Number of protein chains: 2
Amino acid sequence: MSSSLPDVDFDNLHNLLGYHLRRAQVAVFKDFEAAVGSESITPGLLGALTIIGANEGLSQNMLADALALDRSTLVSVIDKLEARQLVKREKSPQDRRRHALFLTNDGREVLARTKQKVVEHEKKISQGMSPEERAKLIDLLRGLYK
Amino acid sequence: MSSSLPDVDFDNLHNLLGYHLRRAQVAVFKDFEAAVGSESITPGLLGALTIIGANEGLSQNMLADALALDRSTLVSVIDKLEARQLVKREKSPQDRRRHALFLTNDGREVLARTKQKVVEHEKKISQGMSPEERAKLIDLLRGLYK
DNA sequence: CAGATAATGTTTGAAGGCCAACATTTGGTA
DNA sequence: TACCAAATGTTGGCCTTCAAACATTATCTG
């Protein structure tokens, strides 16, 4: 399967946080796809559905902030969700620059189903650590970006 | 700066490892660019230079394995490094399918300079945690992908 | 040895992200 | 009030990545 016989020397790469962060993220996202993929929901789409569901009527800018995505990136996320009839844009009457975002009934159903599957996914990837370790991990990760 | 007044409800997003992993990775990579950017070296390029430097003559496949990148992705990484005269491809005499990868003198110099700057970068991002916490963090991250 | 199978590097196409530039709308201020 | 600055959403260009298809070369197997 792998093509390393003489074993690669990683030098100090294994001491770099960025290296491990990237690999962990790739692995976790892959498991997410496997667990939730039947709904055709990616981590990014779940994030958007979750925040919209808990904050109906919010603007695209607020959502982009919450997800730490660029405004322009969010446009295509919402385009995709709207094309699948999970979300709708409505013009905000207070501020005509804004779009107010809402879940459709389909959106609410997909979100509910996805959330359940995500519970399993989180359980699976956290298998190798104790609840305390998991909490500590999240804490340390937040420390890296807050 | 930010556009949240009524404060966004994050629902259970803050309990998802993937969410924090992505945000931490983005932040760390951004700091990397700031610290090392003067050399125009990205995390991916540093990874390639590091592994090649410690394993001169290795093949593109072995390198892709080490970096957890797709073979096809690595082609463009090496294209870029070769265009900048930091790496050279040589046809392997033992296996004529393979390219053996080597650093040029320029490549060695850039790698050495970059490594120093990366030390500072790692110090900065690890500022908020103890050495034990940092080691634990890396350990937990490895647990997610190994 | 001959033919099938696998490994290697490459190209192409698609997805998802960023940034810069833009039009529209709002809000502050002189 | 009239102007200038900021906020909002969108578009287009670019980069990085993966996956699939391909040609070339090596290797295994009958």
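Nothing here was measured: the structure is a model prediction, and the numbers come from that model. By convention in this document, chain letters (A, B, ...) are assigned in the order of the sequence lines, proteins followed by strands, and residues within each chain are numbered from 1.
Distance A:Leu69 CG to C:dA15 P: 18 Å, rounded to the nearest Å. Nucleotide D:dT17 holds its C1' atom 13 Å from the CG atom of B:Leu67, rounded to whole Å. The interatomic distance linking A:Ile78 (CD1) with D:dT11 (C1') rounds to 17 Å, in whole Å. What separates CG of A:Asp79 from P of C:dA15 is a distance of 13 Å, to the nearest Å. B:Arg98 has its CZ atom 9 Å from the P atom of D:dT27, to the nearest Å. Between the P atom of D:dA26 and the CG atom of B:Asn61 lies a distance of 15 Å, rounded to the nearest Å. Following rounding to the nearest Å, B:Leu63 (CG) and C:dT8 (P) show an atom-to-atom distance of 13 Å. Taking atom CG of residue B:Leu74 and atom P of nucleotide D:dA19, one finds them 15 Å apart after rounding to whole Å.
Counting non-hydrogen atoms under 4.0 angstrom, A:Asp95 reaches the backbone sugars and phosphates but no base. Counting non-hydrogen atoms under 4.0 angstrom, B:Ala68 reaches the backbone sugars and phosphates but no base.
For the OP1/OP2 pair of D:dC18 and a distance below 4.0 Å, the side-chain nitrogens and oxygens of A:Lys30 include no atom meeting the criterion. For the OP1/OP2 pair of D:dT10 and a distance below 4.0 Å, the side-chain nitrogens and oxygens of A:Gln60 include at least one atom meeting the criterion. Phosphate contact (OP1/OP2 of D:dC22, side-chain N/O of B:Arg71, threshold under 4.0 Å): absent. Residue B:Lys91 places no side-chain N or O under 4.0 Å from the OP1 or OP2 atom of D:dT25. Distances shown here put a side-chain N or O of A:Arg96 below 4.0 Å from the OP1 or OP2 atom of C:dT26. Note on B:Thr73: a side-chain N or O is less than 4.0 Å away from OP1 or OP2 of D:dC18.
Looking at which nucleotide of DNA chain D each of A:Asp70 and B:Thr42 is closest to, the 5′-most match is held by A:Asp70.
Tested against A:Ser92 for a side-chain hydrogen bond (donor to acceptor under 3.5 Å, both in side chains), the candidates A:Gln94, A:Glu90, A:Arg96, A:Arg89 yield a single pass: A:Gln94.
Out of D:dC18, D:dG9, C:dC18, the shortest distance to the side chain of B:Arg22 is found at C:dC18. Closest to the side chain of B:Ser72, from the set C:dG17, D:dC18, C:dG9, is D:dC18.
Residues B:Thr104 and B:Asp106 have side chains that never bring a donor and an acceptor to within less than 3.5 angstrom of each other. For the residue pair A:Asn61/A:Ser59, the side-chain donor-acceptor check at 3.5 Å is not satisfied.
Contact between A:Glu122 and B:Asn15 at its shortest, heavy atoms only, is OE1-O, 3.8 Å.
No hydrogens or angles were tested; on distance alone, nothing pairs the side chain of B:Arg97 with the base of D:dA26 as donor and acceptor under 3.5 Å.
Aromatic ring orientation, B:His14 versus B:Tyr19: tilted (interplanar angle from 30° to 60°).
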